Amino acid sequence: MSECIIQKYDSLNHALQALQDCFSITVPEMLVIAEKFHEDMHKGLTGLKGPLKMLPSFLDTPSGGENGVFLSVDFGGTNVRVSLVSLQGNGEITIIKRKSVPLKDPGGSYDYTASAATGRELFCFLADQIANFISPGVNIFLGHTFSFPTKMYALNKAVLIGWTKEFKTRLAEGRDVNKLLEEALKKHGLHGVRPVAVTNDTVATLLAAAYGDPHTDIGSICGTGHNTCYLEPQPPQQPQHHCPMIINIESGNFDALPANVYDRQLDMRSEKPSEQVLEKMVSGRYLGELMRLVVLDLVQQGLLFQGRPCDMTGFPFKPYSLSPEHMSAMISDDTKGLIETASWLKEATGIKDPLLAELGALKTSASLLAVRSARLAAATYVGILQHLDPLLTNLHTIAIDGSLYEKMTGYAQNLRSALDEILTDRAGQVTVRFTKDGSGIGAAIAAAIAVQG
Ligand code: GLC
């Protein structure tokens with residue numbers, strides 16, 4: 001695949017300096033982003049045209065007293081996870097059992113994210129997983145985390161507005177996903193499984209943390225996708241919605257951002273150009289691809305791996321051939337000769353004798369992109385805090401789940417430092433809580449709220 005040089009540099013050092021400039025986000029820049037985000041939230045809430053959908057969830061935070069055993073289906077960007085969750089009613093939660101299945105078989109036998117599959121087939125696959133998970137004839141309420149933008153008409157009626165994260169499954173957009181699930185469950189004879197609630201994964205994460213921590217008022221996912229929700233005390237001009245209510249911002253579509261040439265190139269080649277601009281800069285679905293574009297540019301200018309035989313069918317020539325896991329491993333490679341990165345490079349490209357400076361360039365690029373991702377996410381959280389409590393007089397907890405936040409080397413620390421840099425002496429008012437399995441647990445809580453009120 002031949003691609004054009006994007007940005008001309010005259011040496012590797014000069015290139016790294018320029019990359020540093022183009023991916024760094026300063027504190028004043030974060031403040032501008034926060035302010036603009038806050039403005040766009042207001043636009044979305046008042047029904048004005050803007051990038052933030054501000055979708056009602058029909059859910060308030062839980063009391064912590066909800067109890068019972070619920071089935072949860074967490075349909076994210078990469079896997080479907082089915083869990084049996086026990087809510088103890090004292091803020092305590094246990095996952096009794098759980099299974100996770102990829103939506104795309106690594107062996108290539110199926111792919112429910114591609115245009116070859118339909119919405120019905122996808123939900124049939126979900127029902128299959130449920131049928132294999134529970135005992136036949138069981139009666140149980142089910143909460144469903146569906147990690148895409150939906151227009152909610154009720155807690156059990158959620159219409160998919162449009163796919164994000166490069167999903168292409170046909171005949172699903174515009175459909176009620178709870179109905180699709182209900183039909184698939186019936187077809188599988190699972191008459192005792194009653195889907196009573198649909199939530200976004202950000203909302204589920206907020207619910208999961210709020211079950212034990214009453215200060216939680218922001219929920220976010222930094223994983224395959226990126227999005228945030230918050231607890232709105234009073235959405236203006238929406239008197240029909242009871243308040244407080246959690247609002248799914250669909251913040252991944254925020255676009256008042258300093259996009260550079262690599263961001264624009266990635267966007268142009270994506271499934272939906274000009275959409276999900278923030279998500280394309282932050283989330284795990286795109287981070288590896290952005291880094292690949294940077295590295296490819298350096299390779300094509302002869303600044304990296306010059307003159308050495310290299311497999312032209314893999315990294316950095318093959319789109320989406322670099323994952324956030326690879327980037328994380330590069331960032332954490334503290335060996336003297338960066339030998340772990342060298343060994344990955346050999347496997348990925350066939351290059352056996354990289355220079356230390358070249359390996360260092362890989363590590364620096366990975367780190368620049370990961371740090372930018374964390375700082376952009378932090379800036380949007382500050383935008384939400386400005387909306388909720390400009391002087392930060394109250395305590396706030398931001399609940400975060402997702403593979404990037406959990407596993408990317410340094411990500412959680414970078415995000416925290418960015419918040420500290422922006423909020424300075426008020427930073428202590430804001431706690432960031434890693435909410436593992438928030439999406440799955442929150443679906444069970446949503447089901448409990450649906451049936452217990
Ligand atoms: C995408 C989806 C959003 C979801 C996020 C994280 O941005 O549009 O609904 O919350 O990914 O999975």
Side-chain angles (χ1 to χ4, degrees), residues 37 40 44 51-59 72-81 100 102-104 113 143-152 158-169 172-175 177-178 198-209 218-230 246-255 257 266-267 270-272 274-287 324 373 376-377 380-381 384 398-408 411 434-443 446:
F37 192 84
D40 284 346
L52 302 180
K53 294 188 181 69
M54 309 300 285
L55 302 166
S57 68
F58 289 83
L59 282 162
S72 111
V73 174
D74 175 11
F75 175 81
T78 314
N79 297 299
V80 52
R81 293 194 187 95
S100 176
L103 292 165
K104 177 177 174 176
T113 70
H144 174 194
T145 290
F146 185 75
S147 308
F148 294 90
T150 59
K151 179 153 175 47
M152 308 280 301
V159 172
L160 172 60
I161 298 172
W163 288 122
T164 50
K165 299 180 276 199
E166 308 297 299
F167 263 60
K168 303 180 192 71
T169 318
E173 293 178 333
R175 307 273 166 110
V177 295
N178 200 53
V198 183
T199 64
N200 184 259
D201 51 354
T202 57
V203 178
T205 299
L206 194 160
L207 293 177
I218 297 179
S220 187
I221 298 289
C222 298
T224 305
H226 172 61
N227 181 21
T228 304
C229 71
Y230 74 104
I246 303 172
I247 302 285
N248 167 15
I249 301 176
E250 282 298 322
S251 65
N253 197 43
F254 180 64
D255 57 4
L257 293 162
L266 179 140
D267 179 56
S270 67
E271 190 59 25
K272 295 188 173 168
S274 311
E275 291 184 25
Q276 300 296 105
V277 174
L278 174 68
E279 182 161 75
K280 286 171 183 161
M281 294 182 173
V282 170
S283 82
R285 182 69 177 84
Y286 300 98
L287 218 50
S373 161
L376 289 175
T380 66
Y381 302 157
I384 302 168
I398 306 176
I400 310 185
D401 193 10
S403 49
L404 213 54
Y405 187 80
E406 182 180 6
K407 297 183 185 149
M408 171 69 83
Y411 198 90
F434 172 50
T435 309
K436 192 164 170 57
D437 302 320
S439 315
I441 293 169

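Because the structure is predicted, anything quoted here is derived from the model rather than measured. Counting convention: from 1, in listed order, for ligands and their atoms alike.
Salt bridge absent: Arg285 and Glu279 never bring a charged side-chain N and a carboxylate O closer than 4.0 Å.
Exactly one residue among Tyr411, Tyr381, Phe434 makes a side-chain contact (heavy atoms from CB on, under 4.5 Å) with Ile400. That residue is Tyr381. Under the side chain to side chain donor-acceptor pair (under 3.5 Å) rule, Ser220 has a single partner from Thr205, Thr228, Thr435, which is Thr228.
Proximity of Pro149 to ligand 1 is established by a heavy-atom distance of less than 4.0 Å. Remark: distances from the non-hydrogen atoms of Gly252 to ligand 1 are all 4.0 Å or more.
The line from OG of Ser251 to CG of Asp40 is 11.5 Å long, rounded to the nearest 0.5 Å. Distance check: Cys229 SG to Leu207 CG gives 7.5 Å after rounding to the nearest 0.5 Å. To the nearest 0.5 angstrom, Ile249 atom CD1 is 3.5 Å from Ile384 atom CD1.
Close contacts of ligand 1 with Asn200, meaning ligand atoms under 4.0 Å from a residue heavy atom, involve 3 (C), 4 (C), 9 (O), 10 (O). Near Thr164, with a cut-off below 4.0 Å to any heavy atom, the atoms of ligand 1 are 1 (C), 2 (C), 8 (O). Near Glu250, meaning under 4.0 Å from any of its heavy atoms, are these atoms of ligand 1: 2 (C), 3 (C), 8 (O), 9 (O). Residue Asp201 has at least one heavy-atom neighbour below 4.0 Å for each of these atoms of ligand 1: 4 (C), 6 (C), 10 (O), 12 (O).
On a distance-only criterion, Asn248 and ligand 1 share no N/O pair closer than 3.5 Å. Ligand 1 has no N or O atom lying under 3.5 Å from any N or O atom of Thr202, backbone or side chain.
Nearest non-hydrogen protein atom to atom 5 (C) of ligand 1 is Asn227 CB, 3.6 Å. At the shortest separation from atom 11 (O) of ligand 1 among protein heavy atoms lies Lys165 NZ, 3.1 Å. Of the protein's heavy atoms, Glu279 OE2, 3.0 Å lies nearest to atom 1 (C) of ligand 1.
Nearest heavy-atom pair, Phe254 versus Val277, reported as atom, atom and distance to 0.1 Å: O-CB, 3.6 Å.
Residue-environment remark: NZ (Lys407) stays at or below the threshold of 12 foreign heavy atoms within 6.0 Å.
Residue contacts with ligand 1 for Gln276 involve side-chain atoms from C-beta outward but no N, CA, C or O (heavy atoms, distance under 4.0 Å).
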